[in-house]
Each structure stands twice: as C-alpha cells, then as structure tokens.
Amino acid sequence: MFRRTIPTILAFVVGVFMIVQFFVPHPVLQTLYNMVLDWKQVVFGCVLIVGTLTLVRHHAVRIRFRKQGYGYSVIALVSLFAMVLAGAVWGIEKGPYPWLFDYVQIPGQATMFSLLGFFIATAAYRSFRARNVTATLLLLSGVIVMLGRVPAGEHIAVAGVSLSDLATWILDYPNNAAKRGILIGVGLGMTSTALKIIIGIERSYLGKGD
Amino acid sequence: MHPSPDPGIWLAAILTLAGFSFLWRDNPFFKVMEHMLVGVSAGYYLVQYAYSALYKKLYVPLVVQGNLLFAGCAILGLMVFARLFPKRSWLSRYPVAFYVAAGAGYSIPSTIQARVVKQMQVTMVNFLDQGSVIAVISGFLLFLGVVTVLLYFFFSAEHRGVLGAASKIGIVTLMIGFGASFGYTVMSRITLLIGRFQFLLGDWLGFL
Amino acid sequence: MADSSRMTRTIIYWGVALSIVIPLLRPIGFTTEVSSQVRDVYDFIEAMPENSPVIMSFDYEPATLAELDPMAEAMLKHLFRKNARVMGMTLLPGGVGLAENLLRQEAAAANMEYGHNWLFLGYVPDGTAAMLRMGENVAMVFPTDQYGTPLDSFPMMRGVKNYRHIGLVICYSSTAMPQLWAQYAHDRYGAAVAVGATAVEAVRLYPYHDSGQMVGFLGGLKGAAEYETLIESPGDGIRGMDAQTISHVFIVVMIILGNVGYAASTWRSKGAPSGRTHAPVA
C-alpha cells in the first residue's frame with residue numbers, strides 16, 4: 001500500500017489539483033499552486049543530483065572491479081571531483097571552476113557535436129536517394145532549403161523564381177502545414193498521456209517491483 | 001600566423017584535435033578527451049544543481065527568509081535520495097509521483113490551449129481574403145496540408161477512397177516538411193563545424 | 001568494398017573541411033537577405049520603450065554555442081543600445097558559463113553597469129515550473145542573483161515582479177524550450193516571447209510565429225547573420241555565411257553524385273528488387 005497505492009493516489013490528487021487551479025483562480029488555490037511549483041523545482045534539482053551520483057557510482061564500480069578500460073573511468077572521476085573541489089574551494093564565479101568550463105567543457109562538447117557535420121555529409125551522399133515520388137519530394141525540398149537559406153540561393157533562379165524565395169515559400173506553407181499538423185497531433189497525444197498518468201493507468205514512472 | 005600565448009586556448013585546441021581524431025577511428029586520445037569531458041561536465045552540473053536547487057531554492061527561502069512551507073519540499077527532496085539505497089528506494093516514488101503528476105496536471109490545459117486550440121484557430125482563417133492569387137493558393141495549400149496531415153495520422157478507418165486520397169496529400173506535405181527539416185539539420189551541423197574551425201584558425205592559430 | 005567505402009568517406013570529410021576552411025581564410029563577402037521572422041523580432045525591440053526590462057534565457061549548452069552565441073551577442077548589442085534592462089538566466093546548467101561570458105563581454109563593451117542595466121539570475125532546475133512561477137513572481141524563482149545578492153536590492157528590479165512588467169522574453173535554445181516558453185509564458189501569462197533557435201529547432205517554430213504565440217525567431221547562423229545585418233554590426237554570423245554557403249553547395253554536389261551513382265547502378269541491374277532501403281555503398 002505505501003509502496004504503490006499511496007504514491008498513485010498522491011499523483012491523482014496533485015494532478016487533479018493542478019488542472020483545477022488553471023480554471024479557478026481563487027487566492028487559496030493560487031497559494032497552493034505556487035507552493036507546488038516551488039516544491040517541484042527543488043524535487044527536480046534533487047533528482048538531477050541523484051542522477052549525477054549514479055554516474056559516479058557507475059564509474060566507481062568499473063574501477064573497483066577493474067573492468068576493461070577502467071583507466072578511463074579514473075579520468076572521468078578525477079575530472080569530476082576536480083571540478084566539484086574547484087567550485088567548493090574557489091567558488092563558482094572565478095578561479096579553476098569557470099576556467100575548466102571555458103577550456104575543457106566548451107571545446108569538448110562543441111567538438112563532439114561538430115563531428116555531426118562530417119557524418120551528415122556522408123549520410124547525405126549515401127542515403128539521400130530519389131527512389132520514388134515521395135523520396136524525390138523530400139530530396140528536392142531538402143536541397144532547395146539547403147541552397148535557398150544561404151546567400152547562394154539569392155543568385156540561383158528556377159523558372160524566374162530565386163531558390164531563396166522558393167525556400168521561403170516551402171518553409172512558410174508546406175513545412176508550416178506539416179509541422180502544424182504534427183503539433184496538433186502531438187498536443188493531443190501529450191494530453192492523453194498526461195491524463196493516463198493522473199488517473200493511474202500509466203504508472204511506469206513508479207518503476208518495477210513492489 | 002599569431003598563435004595564442006594562452007595555455008587555456010592550447011588545451012582547448014588539443015582537446016578539439018583529440019575530438020576530431022575520432023574521424024580517423026576510435027583511439028586512446030579520443031577516449032581520454034571523452035572521459036575528461038564527461039567528468040568535468042558532470043562536476044560542473046553537480047555544483048550548479050546543488051547551488052541552485054539546494055542553496056538558492058531551498059536554503060534561502062527556508063532558512064534565510066524563514067518560509068516554513070519549504071520544509072515540505074525538503075522532506076520530499078530527501079526522499080529522492082532513497083533511490084540510491086535499493087531497500088529503501090520505494091520511498092523515492094513519492095517525490096517522483098508528485099513531480100510527474102504536477103507536470104502532467106498543468107500541462108493538460110496549457111497544451112490543449114497552446115498546441116491544439118491556437119493552432120486550429122490560426123488554420124481556420126479565410127484564405128480567400130489574402131490579396132494576391134498566389135497568397136490565396138498558398139493559404140489554401142496550408143489549410144489543405146494541415147487537414148490532410150491530421151487525416152494521415154487518423155488510424156481508426158482504413159486509408160481507402162477519399163481518406164486514402166487525403167492521406168496521400170498528407171504524406172506529400174509531410175515529405176516536403178521533412179525535407180525542409182533535413183535542409184535545416186545540415187545547416188545546423190555545418191554551423192557547429194564552422195564554430196570549431198573558427199576557433200582553431202582564429203583563437204588558436206591567429207589566422208583570422 | 002570496405003576500402004572503397006573508407007576512401008569515399010575520407011574524400012567527403014576532406015571536402016567538408018576544405019569547404020569551410022578556405023572561405024574562412026579567403027572570405028567571399030556574401031550578403032544576406034532578412035527574413036520576416038527575424039525582422040519582426042528586430043522591429044519589436046526597436047518599438048520597445050527605453051529602459052524596458054527584458055528576460056534573456058540562455059537555454060543552451062556548449063554543444064550548440066556556435067549557432068546560438070552569435071545571435072545572442074547581436075541581440076544583446078541591440079538591447080544595450082536601446083538601454084534595455086537585461087536579466088540573464090538559464091534553464092540548463094551548462095548555460096551558466098556561456099551566459100556569464102557573453103553578458104560580461106557585451107556589458108563591458110557597452111559600458112553597462114551590473115545591477116542597473118543588467119543582471120545574471122543564474123540557473124534554475126525544472127524549466128516549465130520556472131516559466132510558470134515567473135508569471136507570478138520572478139523573485140520566488142530566483143530569490144538571489146547568481147552571486148547570492150537578494151534580487152530586491154538591485155535598482156533595475158524596482159517595479160519588476162512578473163511578466164506583466166517585462167517587455168520581452170527571449171529564449172535561445174537548441175531544444176523544445178522555445179515551444180514551452182510560448183506555451184507557458186505567452187499563452188498563460190501573456191508575455192511577449194522571441195526566440196533564437198538552432199536551425200534544427202527553428203524549422204518547427206513557423207506555426208508559433210504564424211499564430212502570434214511568438215514575436216518572431218532567429219534560425220541558426222543565418223538568423224544571426226540577418227540580425228547582424230539589421231543592426232549593422234558584422235559578427236560571427238556574417239563571417240560564417242561564406243563557409244556555410246560553400247559547404248552547402250559541396251553537400252548538394254555530393255547528393256547529386258550519390259544519386260547519379262544510384263541511377264547508374266539501378267540501370268545496370270534492372271532486375272534488382274525495387275523496394276530495398278539502401279543503395280549500394282560507394
């Protein structure tokens with residue numbers, strides 16, 4: 001009962017309250033609404049801390065049992081503790097904490113994601129094929145937007161219309177229609193999932209077991 | 001060429017080159033850089049989470065400002081840490097249920113309002129009143145596109161006859177939309193690469 | 001087969017790298033047209049009264065700074081020229097360092113004073129709850145600034161309680177955060193929302209601009225270049241447009257070559273099944 005039923009009832013009460021407060025702006029409900037929002041932020045912050053601690057545990061286990069490549073886990077943990085120590089001892093405004101962010105985290109993350117520039121070029125060469133009518137439409141639309149949204153598109157014209165204007169039209173109309181249709185569909189899907197959570201049909205967030 | 005004298009820039013450049021070495025193949029330089037990045041990022045995040053959630057959002061209102069309402073979320077926050085102890089991990093279901101349900105609750109009316117009603121409203125405009133012939137046609141295509149995309153995702157009836165034809169128009173609209181997404185994705189990824197080359201050629205080597 | 005595939009990959013990698021490096025070293029000087037989405041943001045800021053409070057949410061991490069930093073930089077320049085009171089914040093922890101760097105740099109360049117013209121509120125977890133709570137009281141989301149000073153002690157925060165007192169909310173993001181700002185800050189509390197988004201995300205924002213849920217948006221490096229053109233202050237956006245153009249042309253040429261190869265191989269083996277999902281790897 002304490003392990004599954006009461007958390008499910010708690011979810012129902014909190015969920016229904018948050019729906020009701022949207023329509024009833026009574027001062028008491030407003031105070032409770034603000035309280036729930038404040039609490040929610042603190043709870044989420046704690047969830048993020050636990051998530052990071054789980055990463056620490058993962059690498060600690062790899063080191064403890066000398067798993068293959070555990071040396072890399074040592075690097076990860078040393079870097080992590082160095083960063084925490086830097087923040088705790090020298091503060092977060094100046095010193096090694098922002099320095100490590102500027103010269104390790106920024107170039108590291110930026111480089112990791114920039115590799116996608118190379119990969120997307122090879123993927124475009126290998127997979128972007130005009131196999132049938134719909135694939136051809138996808139390809140044409142992609143190429144027009146790619147060329148039309150850079151300055152080159154202003155100088156290339158097809159049947160008197162510049163690629164830039166064509167790209168703008170594609171983005172403003174067919175793309176807008178597709179994204180709007182998806183947006184409405186996703187909106188309905190999100191709403192039904194949220195309802196399922198509140199009325200207890202969807203309980204996977206509670207995890208497995210008792 | 002005026003290479004930077006800043007050791008930080010040199011460290012960043014070495015890490016950038018170590019990252020690019022993955023293009024050749026997975027190698028120890030890349031792995032060291034990757035794990036260093038994971039550690040530094042996790043450490044950075046951990047400090048920010050603790051400072052913002054525990055200090056600014058909990059300690060300041062509860063202890064400095066004396067707002068006792070925050071005692072409740074201190075208890076809920078503490079229960080989250082039960083997740084780290086398998087025998088007591090069920091305790092973390094309370095804050096998780098609270099968090100998930102609160103989010104679900106306020107998202108329902110807002111989602112309906114922002115993503116469904118507003119978008120339907122703006123679709124149902126009079127496209128005949130647009131000024132030029134091209135604008136009228138474009139307006140009609142926009143309306144037709146939204147309706148047929150929705151019909152394409154309607155699975156309660158077999159896609160034959162009128163519904164089949166409508167869903168085909170929906171596919172065409174979606175494909176053009178996905179093509180635009182692909183074009184923009186290429187643009188995005190190339191920009192990230194430009195950023196790294198600007199750093200290597202400019203900040204590090206001083207060519208730019 | 002594997003060797004040929006490796007060779008093709010190597011050629012493409014070098015092609016992409018050179019198509020970026022050469023225009024960076026030898027700029028061509030392409031000019032860029034301004035889209036209506038970007039002009040709407042510019043016009044809105046131009047029409048704002050002097051000294052208007054503006055929230056700038058740096059909801060991005062270093063992974064996408066190449067796209068978002070140039071637009072945030074250009075808009076900060078514009079806002080400081082208009083003497084706007086800029087409140088920086090972030091809903092992602094990695095955004096703290098990025099926002100701090102950019103705010104300090106632009107505030108110093110424009111001689112803006114901390115606490116009077118600009119402020120850094122820091123990071124707050126749980127984006128949607130923060131967006132909603134700021135609709136009631138900004139000081140409850142950020143009891144202090146990033147450096148621990150209570151919010152009400154800053155002169156620029158006088159008379160600023162919630163979105164009703166904020167001229168514009170600007171979100172820079174590579175995620176779905178702009179859609180959430182529109183959903184919660186605009187639709188629920190009526191805040192004016194402008195967006196700087198990565199190109200990947202920007203393509204999804206057209207319906208929001210059309211419906212008036214967003215003032216406008218800047219999409220990718222092109223958006224930054226357009227804004228730099230409007231404020232007549234060239235930066236990384238305009239400087240990157242040459243490389244962006246040449247690399248796009250290179251990728252389009254690669255796509256054409258790939259399709260020519262595919263057509264040739266289909267023509268050679270006419271009996272092959274037509275429904276396969278992948279063409280032979282070059």
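Below, chain A is the first sequence line, B the second, and so on; all start at residue 1. The shown structure was predicted, so the numbers you read here are calculated from the model rather than taken from an experiment.
Contact record, B/F154 with B/L163: CD2-CD2, 4.3 Å, taken as the closest heavy-atom pair.
Using a 4.5 Å cut-off between heavy atoms, A/L188 touches chain B through backbone and side chain atoms alike. Contacts between B/I9 and chain A at a heavy-atom distance below 4.5 Å involve backbone atoms as well as side-chain atoms. For B/P28, the parts lying under 4.5 angstrom from a heavy atom of chain A are both the backbone and the side chain. Proximity to chain A is limited to the side chain of B/I171, based on heavy atoms less than 4.5 angstrom apart. For a residue to count as touching a neighbouring chain, one of its non-hydrogen atoms must lie under 4.5 Å from one of that chain's; by this rule A/F81 does not touch chain B. For a residue to count as touching a neighbouring chain, one of its non-hydrogen atoms must lie under 4.5 Å from one of that chain's; by this rule B/V149 touches chain A with the side chain only. Looking at A/F128, the atoms closer than 4.5 Å to chain B (heavy atoms on both sides) all sit in the side chain, from C-beta outward. For B/F22, the part lying near chain A is the side chain, with the backbone staying farther off; criterion is any non-hydrogen pair under 4.5 Å. At a 4.5 Å heavy-atom cutoff, the contact between B/F20 and chain A is made by backbone and side-chain atoms alike. If you measure heavy-atom distances from B/T191 to chain A, you find no contacts under 4.5 Å at all. Only the side chain of B/S107 comes within less than 4.5 Å of a heavy atom in chain A; its backbone stays farther off. At a 4.5 Å heavy-atom cutoff, the contact between A/Y72 and chain B is made by backbone and side-chain atoms alike. Contacts between B/Y152 and chain A at a heavy-atom distance below 4.5 Å are absent for every atom of the residue. Using a 4.5 Å cut-off between heavy atoms, B/D6 touches chain A through its side chain atoms alone. Both the backbone and the side chain of B/L69 come within less than 4.5 Å of a heavy atom in chain A. Using a 4.5 Å cut-off between heavy atoms, B/M36 contacts chain A through both its backbone and its side chain. For B/T148, no part sits under 4.5 Å from any heavy atom of chain A, backbone or side chain. Heavy atoms closer than 4.5 Å to chain A are found in both the backbone and the side chain of B/V122.
Here the two rings, on A/F44 and B/Y99, have centers that are under 6.0 Å apart. Checked against the 6.0 Å centroid criterion, the rings of A/F22 and A/Y33 do not qualify as a close aromatic pair.
For B/Y44, the ring pair (Phe, Tyr, Trp, His ring centres under 6.0 Å) partners are A/Y97, A/F101, not counting sequence neighbours.
The candidate from A/G207, A/G45, A/P174, A/G87 with the greatest count of non-hydrogen atom pairs under 4.5 Å with chain B is A/P174. Interface remark: of the candidates B/F30, B/Y45, B/Y184, B/Y184 forms the most heavy-atom pairs closer than 4.5 Å to chain A.
Counted by atom type alone, B/K57 and B/Y51 present zero donor-acceptor pairs between their side chains at under 3.5 Å. A side-chain donor from one of A/S73 and A/R62 sits under 3.5 Å from a side-chain acceptor of the other. A donor atom on one side chain and an acceptor atom on the other are not found under 3.5 Å apart for B/W10 and B/S4.
Residue A/M112 qualifies as enclosed at atom CE: its count of foreign heavy atoms under 6.0 Å is above 12. No more than 12 heavy-atom neighbours from other residues, nucleotides or ligands sit within 6.0 angstrom of CZ on B/F143.
Summarising the geometry, atom CE belonging to A/M190 is positioned 4.0 Å from atom OG1 belonging to B/T111; distances are rounded to the nearest 0.5 Å.
Taking the side chain as every heavy atom from C-beta outward, B/S110 and B/R115 never approach each other to under 4.5 Å.
A/T122 places a side-chain N or O within donor-acceptor distance of the main-chain N or O of A/F119, the cut-off being under 3.5 Å.
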